[in-house]
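Down below is the structure, laid out as structure tokens.
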Amino acid sequence: MRITVLTGSPHRKGTSALLADRFIAGAEEAGHEVFRFDAAFEEVRPCLGCGKCRIAGERCVHRDAMDVLLPRLVAADLVVFAMPLYYFGMPASLKAVVDRFYSVNYALMESRKRAVLLVTAADDREETIVPLRSHYQRILSYLSWEDAGVVAALGCSSRMNLERTRYPEQAYQLGRCC
Ligand SMILES: Cc1cc2nc3c(=O)[nH]c(=O)nc-3n(C[C@H](O)[C@H](O)[C@H](O)COP(=O)(O)O)c2cc1C
């Protein structure tokens with residue numbers, strides 16, 4: 001299976017990076033091919049909403065890291081969204097990537113993918129994650145993708161907190177079994 005992992009944290013050794021690392025370790029051990037895109041370290045310009053990509057024979061006006069990502073995204077069987085919770089939603093770097101799905105919307109819809117959400121948050125109350133879960137579910141139903149699992153590591157503001165929990169193991173198992 002081809003898996004594309006999208007991360008959204010500016011911390012290479014942060015909490016959500018650990019979940020992504022463990023997921024990838026499980027997935028690679030299970031024989032899957034993984035392509036990782038760390039949005040916070042890539043040049044991804046915001047969608048201009050110009051509509052050029054919707055004109056037959058045209059493509060997105062931007063030339064940036066999405067040129068590399070989009071073919072991998074379209075070809076993927078499973079897409080992983082790995083991020084820290086920022087103001088009850090996804091970080092801007094990852095949202096910029098999701099907005100740029102627009103230029104390949106129909107290809108993404110036709111390919112019937114599955115998706116995984118890996119998220120870390122400082123707050124340990126389940127309610128804190130409700131808006132992001134809902135956003136994730138809504139994106140999936142819009143694209144006709146299926147949810148393959150969620151690891152929500154609540155109460156984890158530091159790597160040390162997270163390492164003491166079962167969430168990294170859950171991410172690893174999800175990668176192995178997805
Ligand atoms: C800009 C910003 C916004 C945040 N918003 C939230 C939030 O809404 N709820 C929450 O529980 N934690 C919030 N946090 C805390 C992070 O989600 C948390 O520390 C996470 O573990 C950081 O992940 P990382 O190490 O992968 O970057 C926020 C942190 C930052 C920097």
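Read the numbers this way: they start at 1 and go in the same order the structure lists the ligands and their atoms. Side-chain atoms are counted along with the backbone in the values below, which use heavy atoms only and exclude waters and symmetry mates.
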Determine all donor-acceptor pairs shorter than 3.5 Å in which one atom belongs to a side chain in residues 70-87; sequence neighbours excluded.
from : atom 1 : to : atom 2 : distance (Å)
D77  : OD2    : R2 : N      : 2.7

Inset, instruction - Determine whether more than 12 heavy atoms belonging to other residues, nucleotides or ligands lie under 6.0 Å from atom OH of Y102. - result: no
Inset, instruction - Flag the pair R45 and D99 as a salt bridge only when some basic side-chain nitrogen lies within less than 4.0 angstrom of an acidic carboxylate oxygen. - result: no
Legend entry - Under 3.5 Å donor-acceptor, S111 side chain and A107 backbone: yes
Pairs under 3.5 angstrom only: tabulate donor-acceptor contacts from the side chains of residues 171-178 to other protein residues two or more places apart or in another chain.
from : atom 1 : to   : atom 2 : distance (Å)
Y172 : OH     : E29  : OE1    : 2.6
Q173 : NE2    : E169 : OE2    : 2.7
R176 : NH1    : E29  : OE1    : 3.4

Inset, instruction - Collect the protein residues that have a non-hydrogen atom under 4.0 Å from ligand 1 and hand them over in chain and number order. - result: S9, H11, G14, T15, S16, P84, L85, Y86, Y87, F88, T120, A121, A122, D123, C156, S157
Legend entry - Listed partners of E58 passing side-chain hydrogen bond (donor to acceptor under 3.5 Å, both in side chains), at least two apart: none
